[in-house]
2 protein chains.
Amino acid sequence: MKIGQKSVCCIGRPRAFDSEKALEKALEVFWRKGYDGTSLADLTDAMGINKPSLYAAFGNKEQLFIKAVDLYENRPNSVFHDALMQKTAYAVAEYMLYGVADDLADKSHPNGCVIVQGALSCSEAAASVKEALINKRVGHEAKIAERFAEAKAAGDLPTSADPEALARYLGTVLQGMTIQVTNGSDQQQLREIAKMALMAFPQPQ
Amino acid sequence: MKIGQKSVCCIGRPRAFDSEKALEKALEVFWRKGYDGTSLADLTDAMGINKPSLYAAFGNKEQLFIKAVDLYENRPNSVFHDALMQKTAYAVAEYMLYGVADDLADKSHPNGCVIVQGALSCSEAAASVKEALINKRVGHEAKIAERFAEAKAAGDLPTSADPEALARYLGTVLQGMTIQVTNGSDQQQLREIAKMALMAFPQPQ
DNA sequence: TAATTTATTTACCAGTCGGTACATAAATGA
DNA sequence: TCATTTATGTACCGACTGGTAAATAAATTA
């Protein structure tokens, strides 16, 4: 609905910070410290803004967390979406296992996965956040199961295969790998785990 | 060093609570809420004592957590120790996977594993607790690797087997299963995961 | 009974928690 | 220039954080 006007954007004083970059900073803190472990002071320090700006732009701590996790899910190099587009169920699992291994080993961002670690055990104040993350994890597994069901219909998984069980197994290994990296496992070790996990997966043909 | 005297125990006013039971209550709270998510008020409420008693008996929040986790590790029905005593490496893995599946499905205690979830992502105040839990997880895997190395020497694992890689894979699946149960997986589903994970493990003979 | 030792209760500490009221600053359109 | 709108900085809110000082209570030994 662009109307060729010189008005930059909106009425009122323009915000002095980049909303997206501030959200990235917030994500990094939540990722590192979890929801309960992150204070508003941690957030405003990292984001370079003060509390009223944070509340005006993002709602409150909980809504900021959800927005940060949404950003996390839609990261440009998200392994998840690319994996689902592989040609066979085996290739999907393989892409996801090695892709996550490589991503987890990447030291340019905090350890692990914010969806797994953000609010695993938590205070009552974080209960709704915990539930939101559970829904995301379950939803991801459901999408994998759906992809495996397609593969089964397409004939590249045996008729005896259980798409949901396969998805749960794959999810289990991926979630376990996020803990392994916190334990100190490096890229090679994570890829070894991926390789072993694949041995339990129905081979193509 | 029992000397047959009628003195019950010690000098001074006796404590009015059962130290072990209070510790069990503390464990349950930490298990459910994690270290950051648990407040001293949560603890004193659950333990039925007040703060000065807690501090006199257990030190501080951090020391109480460590003591609670020690209690957790030495639970009577701890799968871990029993698993290591099985006759073959495969039997060790099998016992551990199915044992953990059953234990995780047990609704008489909080979900998951306090060693995995207690301080995965956490505040700076919990950094030392996080490190202690990492050490425990790594230590457990090291004991499994040791057991697998014995098995390899005994000839019940192929000479090509890598005991440490096998232990890491097993640990990964077990840790992933603790998250699965929080996601809502039931006993049957956890046992399915255990079954699949075993398919990647070197078969006996 | 008196002195000693330890546990409990109450009340409190400074610091931090998530969140907001209010005054001011910077942009807009009229 | 002026009213309007939105963002910012400061200063504050009550509630809660982990932790403790001090008084009292209950056991011991002498």
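Residue numbering restarts at 1 for every chain, and letters A, B, ... go by the order of the sequence lines. Everything quoted here is computed from the prediction, not taken from an experiment.
Minimum atom distance to the side chain of A:P52 is reached by D:dT10, of the listed D:dA26, D:dT10, C:dG19. Considering only side-chain atoms of A:P14, the nucleotide from C:dA7, C:dG19, C:dA27 that sits closest is C:dA27. The side chain of B:I11 lies closest to D:dT28, out of C:dG18, D:dT28, D:dA25. Residue A:A41 places its side chain closer to C:dC17 than to any other of C:dT9, C:dG19, C:dC17. For B:N60, whose side chain is taken as the heavy atoms from C-beta onward, the closest listed nucleotide among D:dG19, D:dT8, C:dT8 is D:dG19.
Taking atom CZ of A:F17 as the reference point, atom C1' of D:dG9 lies 13 Å away to the nearest angstrom. Distance A:M47 CE to D:dA7 P: 14 Å, rounded to the nearest Å. Atom-to-atom, CZ of A:R13 to P of C:dA26 comes out at 6 Å; the value is rounded to the nearest Å. Protein atom CG of A:L43 is 11 Å distant from nucleotide atom P of C:dG19, rounded to whole Å. Residue A:Q63 contributes atom CD, which lies 12 Å from atom C1' of C:dG19 at whole-angstrom precision. If you measure from atom CD1 of A:I49 to atom P of C:dA25, you get 21 Å, rounded to the nearest angstrom. One atom, CG of A:D36, and another, C1' of D:dC16, lie 14 Å apart when rounded to the nearest Å. The distance from atom CG of B:L40 to atom P of D:dT20 is 10 Å, rounded to the nearest whole Å.
Between the side chain of B:Q203 and the backbone N or O of B:F201, at least one donor-acceptor pair lies under 3.5 Å.
Within the 4.0 Å cut-off from OP1 or OP2 of C:dC17, at least one side-chain nitrogen or oxygen of A:S39 is found. Residue B:K61 has a polar side-chain atom (N or O) positioned under 4.0 Å from OP1 or OP2 of D:dG18. Distances shown here put a side-chain N or O of B:N50 below 4.0 Å from the OP1 or OP2 atom of C:dT9. Side-chain nitrogen and oxygen atoms of B:R15 include at least one within less than 4.0 Å of the OP1 or OP2 phosphate oxygen of C:dA7.
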- Stepwise salt bridge (Lys or Arg N to Asp or Glu O under 4.0 Å) check, A:K25 with A:D42: CA-CA 10 Å; A:K25 289 294 185 183; A:D42 291 333; over 6 Å; no
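Taking for each of B:Y35 and B:G12 the nucleotide of DNA chain D with the nearest heavy atom, the 5'-most of the two is the partner of B:Y35. Comparing A:K51 and B:T38 by the nucleotide of DNA chain D that holds the closest heavy atom to each, the one mapping nearer the 5' end is A:K51.
The existence of a salt bridge linking B:K136 and B:D70 is confirmed by a sub-4.0 Å separation between a basic side-chain nitrogen and an acidic carboxylate oxygen. Looking at B:K130 and B:D36, no side-chain N of the basic residue comes within less than 4.0 Å of a carboxylate O on the acidic one, giving no salt bridge. Salt-bridge formation is not detected for the pair A:R168/A:E141: no Lys NZ or Arg NE/NH1/NH2 atom is positioned less than 4.0 Å from an Asp or Glu carboxylate oxygen.
Across all strands shown, B:A16 has heavy atoms under 4.0 Å from sugar-phosphate atoms exclusively, and none from any base.
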